[in-house]
Amino acid sequence: GREEGSTVTGSLRGALVAAAVGGTLVLGGCSGVGSADVAARVDGHVITESAARTAAEQVTKAFGLQEPLTIAQATGYLIEAPFLTKVAEGKGAALSDDAIAAEMGGMKPTPETLDVVRANYLHNQFAQTDPAALDEVSKAMKKASIRVNPRFGTFDRDAIALAPATPNWISSHSATDQPASDQPATP
């Protein structure tokens, strides 16, 4: 019924808003990703920048996100999606394409959009109710071949996350790194 759908909607919307506002996956960068449209490769599966862009746009529109989901965030979810889905299926907790599509306001989501929403929802559900499931996901991701286009960040194998890319025009040294006065810092 309807109540189950509204629970899924609330959970999906809440999880997506939280992700767009504060959370990002830290992925890992490797050169050698290939084509200019390749955002990442996961065990040989190509995630294109254009597919990640469309997914980010569809998710932002369907869930009315105040802070648009970025292409890098969508890429992060697309990298994590197959691992989360496999663990969820093993626990009988899979989220169907139809259940996700039903919550998207009549929009026809792309397969990648479905994967972004599914990954976000499952990640948040596991974080709240089954942290051991996230450990399974992390172990599988550490064994996988994950290559990320450096424009979208770098894959951090320890954190199992996509660290944001730092544009080359941003200096790693800033005025805030300098002592405030000539006096030695006190511990």
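All values derive from a computational prediction rather than experimental measurement.
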Looking only at heavy atoms, the pair that brings Gln58 and Lys108 closest together is NE2-O, 3.3 Å
task: Measure from the side-chain N and O atoms of Asn124 to the backbone N and O of Asn120, and report whether any donor-acceptor pair falls under 3.5 Å.
output: yes
query = Does the side chain of Glu112 come within less than 4.5 Å of Thr54's, by heavy atoms?
reply = no
Nearest heavy-atom contact between Thr113 and Ala55 is OG1-CA, 3.1 Å
Taking every heavy atom of Met141 against every heavy atom of Ile146, the minimum-distance pair comes out as O-CD1, 3.7 Å
Can you find a pair of side-chain heavy atoms, one from Glu49 and one from Asn149, that are under 4.5 Å apart?
no
Between Val116 and Ala74 the two heavy atoms that sit nearest each other are CG2-O, 3.8 Å
- Leu69 backbone acceptor or donor facing Thr60 side chain under 3.5 Å: yes
Backbone N or O of Thr85 within a donor-acceptor pair of the Arg118 side chain at under 3.5 Å?
no
Item to complete: Would you sort out whether Val42 and Phe83 count as a side-chain contact (heavy atoms from CB on, under 4.5 Å), showing the intermediate values?
Response: CA-CA 10 Å; Val42 179; Phe83 303 99; 3.7 Å; yes
To the nearest 0.5 Å, atom CG of Leu134 lies from atom CG of Leu122 at 9.5 Å
For Thr75 and Ala40, the nearest pair of non-hydrogen atoms, with its separation, is CG2-CB, 4.1 Å
| request: Any chance you could lay out the side-chain contact (heavy atoms from CB on, under 4.5 Å) test for Ile100 and Tyr121, step after step, and finish with the verdict? | output: CA-CA 10 Å; Ile100 297 167; Tyr121 177 79; over 6 Å; no
message: Between Glu67 and Gln73, is there a side-chain heavy-atom distance shorter than 4.5 Å?
response: no
Correct closest heavy-atom pair for Leu95 and Ala99 would be CD1-CB, 4.1 Å
